[in-house]
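What follows is a single structure, written as structure tokens, with notes after it.
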Amino acid sequence: MASTLWCVTVTEENKGKAPYFDFVNKGAEALLSITMEEFAAGATATTVAPEVGGEVSGWAFSPTYETLVNEKPLYSYFTTDSVVGFVVDNGTVVLKKDLASNAATTFTTTFSLVKADAVTLNAKQINTKLGIQKEDAGVKLTFTPDANKTSLKNPFSQEFFLAADAEDEFVYITRKEDAKALFVDTAFINTTGSMFLAFNYMNDLDALKASSLKEHGQFLFTYFPTNDSLVIQVKTIIEAPTADGWKAATPTTITANADDKNYVTVQDLVKEDQIRVVTIGEKKETDIVLGFTSCKESDTDRVSLEDGVYFIRNAKTNKYYASPIHIDGAKEEWVSVDADEQNVDHMPAYQWVVLKTKTSEYFAATSPVEVVNREYASLNGTYQFTQATGSSKYFCADLAADSLVITKITDANILGDEHLGYKYLTKDELMITNYAFNYFNPYTMEKYIAQVAGSNKLNVLQDTPTYFEIKPVNGNVAADYGYKVTADVKKRINGLAQLKRESYTIHTKNAVIALGEENNFVITDKTAASKFFFKENNQLDATCYYAFIDAANLEETDKSFKFKAGVADQSLTALLQQQVIDEVRTSAFSIGLTDQPLYRRFNNVKLDGAVEGNEDATKLLKFKEAYVNDYLMDETNVNFKREGMSYLGIGAANIAEAGLSFNVRPYNIGKSAQYNIKPQYLIYVSETVNEGSENIPCDATNHKHMNAAGEECGPEDCIHATPAVEGFNRYKLLVSFADSTDAEVVTEKQLYKFGKYVRVGFVDAVEQDSVIYILGNTFANIATKDLNMDDVKKALEAKKISSINMKATVKEDKHHNYTWSFRYIDPTKAANEVEEDRAFLIESNAVAPIAPKNAAWIKNQNNCLVLSAMDASFDDAKTGGDAALIFNIEKGAADDMATDNESISASEVSVVATNGAVIIKGAEGKTVAISNVLGQTIANTVITSSEATISVPAGVVVVAVEGEAAVKAIVK
């Protein structure tokens, strides 16, 4: 019956336009709407009945709505001049489309709206409220007015009841709470005034059926669908006793709803006090509502949920509705969660995607919802929730016998994290090769996966971490899993991500973790590595712990998991073994980096000379070799020098041709993802500055100031103004020559290598606007003050020089040939504020960007400073093997820079530092001022010859010749 009933909404448009109609089916609770996708390509009619639901609604029907005109077609516009509508073709309702001008001839089937007839309800229709609730849920009707201010409850509205079929369309009524059977008693409620018959209960329905008052408990329910209105009549009553008593009185009986009497109604017992009782009367004096979804708002406890992702908890037990690891999607169950040890925010198997099944505004508030597990999409169902007035809890008998706490997830990080639930290592994180696996257990949080001494097996009894490398199985391209987030779902749940996961293998230096004999995991180079998903199972404080799920051996049918790694608690060896997925206990491990620093960061006030508040500023440092106590410096050995090249060398402090200090400047600190783990630095010497020049405005008064576009402007923008010139810094930058190619193979003639080893040296470089221009020897004879950046940029365009865009490269953690990192040889001691404990290798390019096992480190090859070959092992290098050099630092000084001490060209003027003096050539007639690094004047005089020698104290001095850029020189 319900599927034949329609609620009608009429929308009146502007005057002169016909209204349009929307129809909502009461049975399906669905808006009459269709989609144009029903039509095959090129077709103007469909061949089968359309499904309800789509983008087209709002139907032309009656030209007026106050008085309906029936027998009219139903059609709606889908474009401005085209319509689609319903026709009946051989007994099937189909769609046709045509121009609106042809509507009268195309849509030949007409429709009429008629008022729904009254129907007598049977027990099932009453108990389900015409199909909107479960048959055993219990029914409460709504009476207006209702019984009030009395202890006598209305058995139809103030008690839950169930109906059972009797004969001749009548039904019995039993109270749901105790199954007692309702009947109209042969007794009155009151003793004075108008007398009202009372309701009463027998012990059960069988007792009523066997009683002489059987028909007093048979009720007729007549339903008027248009108004959701009920009339209830009882089959037989005795209105009043005779002088001989109730049994002697003549019963009043009805046989059908046409008999106008025996109505269930509400009467005033004391009108002034609004005391009312439910009784039987000759006429119906109360409105009774069934509560079936109607065209007007009806009282119902049905509610819906907004589209979204939710947690569902049992309000009584506080358990979560979920599918934990050991169930793995086989079913859902109620699961205890200790919030101190697990974080369900990170566990999609504990989260449920909820979408309304009815999105029409007519049913939004009461729509059932589709509920799907976010990780296991096969766990799903459609549920109708109810909620008591004023309560925050929900109820759904299909889910639990108890009330539910349903919490919507609003955190965009949870909704939008596509890697939620499984550990995903980013490209930057995969650079790191030092991961330790700490076992989650109730005894101590310092138990790590490690190799058993004298065996290749693994256990979790080691108190100190063993470090492993993690590698992705599928190129770190995560695959979709879990609930499918379609384009439509994305529209309905803002920010919801499609979940993805990647599997990984675990490696040592020359071996892998794999499955060995007796289901033990082992370290081996003989077997393929085991593949694992790292699925989160626990969280303690801020540390997440993951179950190692076998990603390779899946069930054939549904691709569910079969195995996981677990700790064998049945023995004292605590071996790491393969376990079946449905083992209730699940072992979990943190995947953590060492807390010990891997690389040195020069930000310590005591050891590195850092300034508090600006700890990462550029430092002046000396690099002292740890065993022989030699220092890095300019190359001094003539056998290793090459014309046009400036190499890094090493030797005793007293052989340095210049000083021993280097500028060490942070490069990626605060910029890249892993700078905290691996800070990188630029190393340079011989820094000079071109200050540029300020704008010189046009000072003419005989014309208007005009810019290059011919527009009137201020004097500073005038075409006669002298534009400002931006300044720059120039220095000699320490680089690896690994990307340079030698034409020579003879060691003595090679510029960039020494035999097979790459050399390290300085290149002329200019820095402006976060771009470093590597000049090489292109501008070697041009002083800093005369260097023109336009010429530099032209040389770059001509590919005569190269450049480094630091705005981009500082964000990278990979190494470059111009950056350097300082790898601790013993991270366990590096936290000590003792310089000897912070010894390091100087690291250049590497196989793995962070903490590589193989890399290029500065080494001594037959007294020539080079980089080790890329196959050099850290384990060897940190002990001084392969001639790799281990360094400590000393604080440097500005007057001890490792700068070239040769003649410094300054246009035609040259300044040469010598022992105890500076020699100035080509400055005859010019004033020269010499000061120390503190700005104190040492000499100020006019040069009277083409070559003048001026005595100055040892150290760094600044020589300023009139008309020339000031230069620094180191005097011994």
Side-chain angles (χ1 to χ4, degrees), residues 428-429 431-432 434 592-626 631-632 659-685 687 729 731 733-734 767 770 772 804 806-807 809-816 818-844 846 849-852 855 857-858 874 878 885-898 933:
D428 289 328
E429 289 172 321
M431 293 178 180
I432 302 165
N434 287 52
L593 291 169
T594 173
D595 291 333
Q596 301 158 353
L598 300 176
Y599 289 86
R600 185 157 181 176
R601 182 171 173 178
F602 298 116
N603 62 350
N604 184 277
V605 174
K606 176 182 177 183
L607 300 181
D608 307 327
V611 177
E612 289 188 13
N614 193 21
E615 287 84 356
D616 284 307
T618 300
K619 306 290 186 306
L620 281 168
L621 300 175
K622 301 177 184 179
F623 295 96
K624 183 178 182 181
E625 197 274 330
Y631 289 85
L632 293 184
L660 303 174
S661 300
F662 297 82
N663 287 301
V664 181
R665 172 177 142 194
Y667 190 71
N668 68 332
I669 291 177
K671 305 293 194 304
S672 72
Q674 304 296 341
Y675 76 88
N676 269 322
I677 298 171
K678 182 177 182 175
Q680 298 183 48
Y681 291 84
L682 299 178
I683 300 177
Y684 58 89
V685 295
E687 183 176 22
N729 288 49
Y731 45 73
L733 180 66
L734 184 67
E767 181 180 336
S770 297
I772 298 175
I804 301 162
M806 291 191 291
K807 291 178 181 178
T809 54
V810 293
K811 300 176 182 178
E812 299 172 347
D813 285 300
K814 69 179 183 180
H815 229 312
H816 305 280
Y818 51 86
T819 58
W820 304 88
S821 295
F822 306 93
R823 176 85 171 270
Y824 284 122
I825 61 169
D826 190 352
T828 62
K829 297 180 179 179
N832 300 335
E833 269 201 351
V834 178
E835 180 57 42
E836 289 73 16
D837 290 342
R838 296 193 175 188
F840 54 84
L841 303 173
I842 300 179
E843 186 172 292
S844 182
I850 295 179
W857 295 283
I858 286 182
F874 177 69
K878 70 181 181 180
L885 297 176
I886 298 171
F887 293 92
N888 288 104
I889 60 136
E890 293 178 358
K891 297 173 188 176
D895 60 356
D896 187 38
M897 291 296 297
V933 292

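For the numbers below, each heavy atom of this structure counts, side chains included, while hydrogens, waters and symmetry mates do not.
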Can you tell me if Asn832 uses its side chain to pair, donor with acceptor, with the backbone of Lys829 under 3.5 Å? yes
For Lys678, is there an ion pair with Glu843 - N to carboxylate O distance below 4.0 angstrom? yes
Could you work out, with side-chain contact (heavy atoms from CB on, under 4.5 Å) as the rule, every residue matching Asp608, not counting sequence neighbours? Arg600, Phe602, Asn604, Ile889
Does one side chain, of Asn663 or Thr618, offer a donor that lies under 3.5 Å from an acceptor on the other? no
Within-4.5 Å side-chain heavy-atom neighbours: Glu429 and Gln674: yes
Would you say Ser844 and Trp857 make side-chain contact, with heavy atoms under 4.5 Å? no
Does any N or O in the side chain of Ser770 come within less than 3.5 Å of the main-chain N or O of Lys807, such that one atom is a donor and the other an acceptor? no
In a check of ring-ring contact (aromatic ring centres under 6.0 Å, His included) between Tyr731 and each of Tyr684, Phe662, Tyr818, which one passes? Tyr684
I'd like to know if the side chain of Ser821 and the backbone of Pro679 have a donor-acceptor N/O pair within less than 3.5 Å. yes
Does the side chain to side chain donor-acceptor pair (under 3.5 Å) test come out yes or no for Asn729 and Glu687, once each step is laid out? CA-CA 7 Å; Asn729 288 49; Glu687 183 176 22; 2.6 Å; yes
Which distance, rounded to the nearest 0.5 Å, do you find between the CG of Asp896 and the CG of Leu660? 5.0 Å
With sequence neighbours left out, what residues match Tyr681 under side-chain hydrogen bond (donor to acceptor under 3.5 Å, both in side chains)? none
What's the shortest heavy-atom distance between Val834 and Leu607, and which atoms? N-CD1, 3.9 Å
If you count heavy atoms of other groups shown closer than 6.0 angstrom to NZ of Lys891, is the number above 12? yes
Nearest-0.5 Å distance, CG of residue Asn668 to OG1 of residue Thr819: 8.0 Å
Can you name the nearest heavy-atom pair linking Ser661 to Ala893, along with the distance? OG-N, 3.0 Å
Atom CD1 of Ile677 and atom CG of Leu598: how far apart are they, to the nearest 0.5 Å? 7.0 Å
With a 4.5 Å limit on heavy-atom distance, are the side chains of Ile842 and Leu885 in contact? no
With no hydrogens and no angle check, do the side chains of Thr809 and Tyr667 hold a donor and an acceptor under 3.5 Å apart? yes
How are the rings of Phe840 and Phe623 set relative to one another: parallel (under 30°), tilted (30 to 60°) or perpendicular (over 60°)? perpendicular
Decide side chain to side chain donor-acceptor pair (under 3.5 Å) for Tyr631 and Glu890; before the verdict, give the C-alpha distance in whole Å, the side-chain angles of both, and the deciding distance to 0.1 Å. CA-CA 10 Å; Tyr631 289 85; Glu890 293 178 358; 2.9 Å; yes
Atom pair OH (Tyr675) and CZ (Arg601), whose distance is rounded to the nearest 0.5 Å: 6.0 Å
Is any side-chain heavy atom of Leu682 closer than 4.5 Å to one of Ile772? yes
To the closest 0.5 Å, what do you measure between CD (Gln680) and CH2 (Trp820)? 11.5 Å
Worked check of side-chain contact (heavy atoms from CB on, under 4.5 Å) between Glu812 and Lys671: CA-CA 8 Å; Glu812 299 172 347; Lys671 305 293 194 304; over 6 Å; no
Taking the side chain as C-beta and beyond, is there a heavy-atom pair between Leu632 and Phe887 under 4.5 Å? yes
Residue among Arg838, Lys624, Glu835 satisfying side-chain hydrogen bond (donor to acceptor under 3.5 Å, both in side chains) with Asn888: Glu835
